[in-house]
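Notes for the one structure printed next.
If you're wondering where the values come from, they're calculated on a predicted model, not measured in any experiment.
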Amino acid sequence: MSRSDGRRIRTLDPITRFMGYIMKHRWDSCNQVTWELDYEKVEAYIKARKGQGGPPISLMAVIIAAYVRTCSQFPFINRFLVNKRLYAHNDVTVSFVALKSDWDGVGDQPEALVKIHFTGAETLDEVAEKLNAAITLNRADDANSVEKIADRILKLPGLPSSIVGTLVWCEKHGMLPKALIEASPFHCSMFFTNLASIRGPMLYHHLYEFGTCSTFLALGFSTTRPKSFALGVTLDERITNGAGFIRASRYMEQTIAHPERLETPPAEVKRDID
């Protein structure tokens, strides 16, 4: 079954491929882990970068850049399952929620869903530029593409459930239009939420059943170390084995702790198996 956002993986070991038949949903395939961040090193780096030119660097930019770099070196974490079939993403796509404005304390906080594509070869500056540009654009727009689509569906009395059911069926059978996949924030490599920006604690976020997201990173304040940050990581265990997750996790943690490693592009962007 061909897809516009990924290619089928057929040569993986039978046990890993069989996991999709045993665990049919993302919600029952989740592994969760906490990464305590050594923020003093990252903070010192961010402060040192100020005034040196280039885009503003934030902790969020460092984490997303580290994830993109990790995917470039460990491509097996950039996989997804749909209808028991395992695929490799065509690129590294990150979705996140951006606040449209400062909250006035009344009503819900206005938000926008944002999705950014990366090749895996980006430096920290290039990731920060894309990140800052996307946030600025979505704050300026009254509604982005996914909000407009959702609004149109909700305006049709009695039809939202039927339409969503049809979209889920199309997704399962590889018939979802490319334009909808591009507009959907749930079709991504990783979903990121920055709870620290609203002074929230670290938590473990669920994975969405609709879409292709196999990883969710939630940044918040540590619940065990005062004035520290932590990442709540939720992973779909069906995309690779435990040893692979551990190797990729260690690499990403070290990259976050040493963001200077992201100043130059990787020597190679590795391709996943066929």
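- Between the side chain of S189 and the backbone N or O of T93, at least one donor-acceptor pair lies under 3.5 Å.
- The hydrophobic clustering, which links ILVMFWY residues whose side-chain heavy atoms are closer than 4.5 Å, places M202 and I256 apart.
- When hydrophobic clusters are built by joining Ile, Leu, Val, Met, Phe, Trp and Tyr residues whose side-chain heavy atoms come closer than 4.5 Å, directly or via intermediates, V82 is not grouped with M19.
- No more than 12 heavy-atom neighbours from other residues, nucleotides or ligands sit within 6.0 angstrom of CD on E40.
- Contact annotation: the side chain of L195 never approaches that of L219 to less than 4.5 Å [non-hydrogen atoms, C-beta and beyond].
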- Query: What's the verdict on side chain to side chain contact (heavy atoms under 4.5 Å, CB included) for I239 and L86, showing C-alpha distance, side-chain angles and the deciding distance?
  - Reply: CA-CA 7 Å; I239 63 174; L86 190 63; 4.2 Å; yes

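- A single hydrophobic cluster is not seen to contain both W27 and F80; linkage of ILVMFWY side chains at heavy-atom distances under 4.5 Å, directly or through other members, places them apart.
- Residues R238 and S29 have side chains that bring a donor and an acceptor to within less than 3.5 angstrom of each other.
- In this structure, W35 and V33 have side chains that are in contact, with non-hydrogen atoms separated by less than 4.5 Å.
- Using a 4.5 Å heavy-atom threshold, the side chains of M60 and F96 count as touching.
- No donor-acceptor pair under 3.5 Å is formed between the side chain of H117 and the backbone N or O of V92.
- Residues P259 and L124 come closest through the heavy atom pair O-CD2, 4.2 Å.
- Two different hydrophobic clusters hold L81 and Y21 under the rule that ILVMFWY side chains link at heavy-atom gaps under 4.5 Å.
- Remark: the backbone N or O of P75 is not paired with any side-chain donor or acceptor of N78 at under 3.5 angstrom.
- Side-chain contact between D28 and M23 is present, with heavy atoms from C-beta onward closer than 4.5 Å.
- Linking Ile, Leu, Val, Met, Phe, Trp and Tyr whenever their side-chain heavy atoms come within less than 4.5 Å leaves V127 and V269 in two separate clusters.
- Contact record, R199 with F221: CA-CE1, 3.6 Å, taken as the closest heavy-atom pair.
- Enclosure of atom OH in Y204 by more than 12 non-hydrogen atoms of other residues, nucleotides or ligands within 6.0 angstrom is indicated.
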- Working for side chain to side chain contact (heavy atoms under 4.5 Å, CB included), residues D38 and V42: CA-CA 7 Å; D38 188 351; V42 182; over 6 Å; no

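- Interatomic distance, L217 CG to T193 OG1, rounded to the nearest 0.5 Å: 10.5 Å.
- Side chains of D5 and H187: a donor-acceptor N/O pair is absent below 3.5 angstrom, by distance only.
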- Before giving the answer on side-chain hydrogen bond (donor to acceptor under 3.5 Å, both in side chains), spell out for E36 and S222 the whole-Å C-alpha distance, their side-chain angles and the decisive distance to 0.1 Å. CA-CA 7 Å; E36 297 284 350; S222 172; 3.0 Å; yes

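- There is a side-chain donor-acceptor pair under 3.5 Å between R49 and Y45.
- The closest donor-acceptor contact from the side chain of R250 to the backbone of F245 lies at 3.5 Å or more, if one exists at all.
- Looking at F192 and L231, their side chains come closer than 4.5 Å, going by heavy atoms from C-beta outward.
- Taking a cutoff of 4.0 Å between a charged side-chain nitrogen and a carboxylate oxygen, E171 and R3 qualify as a salt bridge.
- Looking at R79 and I9, their side chains come closer than 4.5 Å, going by heavy atoms from C-beta outward.
- Annotation for R69 and P265: closest pair NH2-CA, 3.7 Å, computed over non-hydrogen atoms.
- In terms of the side-chain hydrogen bond (donor to acceptor under 3.5 Å, both in side chains) criterion, residue partners of E122 (sequence neighbours excluded) are, by chain and number, T119, K130.
- The minimum heavy-atom distance linking P266 with G120 is given by the pair CG-O, 3.6 Å.
- Proximity of F229 to L59: side-chain heavy atoms (C-beta onward) are separated by under 4.5 Å at one or more points.
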- Message: Apply side chain to side chain contact (heavy atoms under 4.5 Å, CB included) to residues C213 and F191 and explain how you reach the verdict.
- Response: CA-CA 7 Å; C213 179; F191 211 111; 3.9 Å; yes

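- In terms of modelled atom types and a separation under 3.5 Å, the side chain of S95 and the main chain of P185 share a donor-acceptor contact.
- Although no hydrogens or angles enter the test, the distance criterion places no donor-acceptor pair under 3.5 Å between the side chain of E263 and the main chain of D125.
- Geometrically, R7 does not engage Y87 in a cation-pi contact defined by less than 6.0 Å to the ring centre and at most 45° from the axis.
- For S249, the side-chain hydrogen bond (donor to acceptor under 3.5 Å, both in side chains) criterion is met by no residue, not counting sequence neighbours.
- Proximity of a side-chain donor or acceptor of H173 to a complementary backbone N or O of W169 within less than 3.5 Å is detected.
- The shortest heavy-atom contact between F210 and L167 is CE1-O, 3.9 Å.
- In terms of modelled atom types and a separation under 3.5 Å, the side chain of T16 and the main chain of L12 share no donor-acceptor contact.
- No side-chain heavy atom of D236 sits less than 4.5 Å from a side-chain heavy atom of T215.
- Checked by atom type, the side-chain pair H206/Q32 shows no donor-acceptor distance below 3.5 Å.
- Between the side chain of N83 and the backbone N or O of R85, no donor-acceptor pair lies under 3.5 Å.
- F216 and H205 have parallel rings, their planes meeting at less than 30° on a 0 to 90° scale where 60° marks the start of perpendicular.
- Closest approach of T70 and A248 over heavy atoms only: CG2-O, 3.6 Å.
- A donor-acceptor distance shorter than 3.5 angstrom exists from the side chain of T11 to the backbone of D274, with no hydrogens or angles considered.
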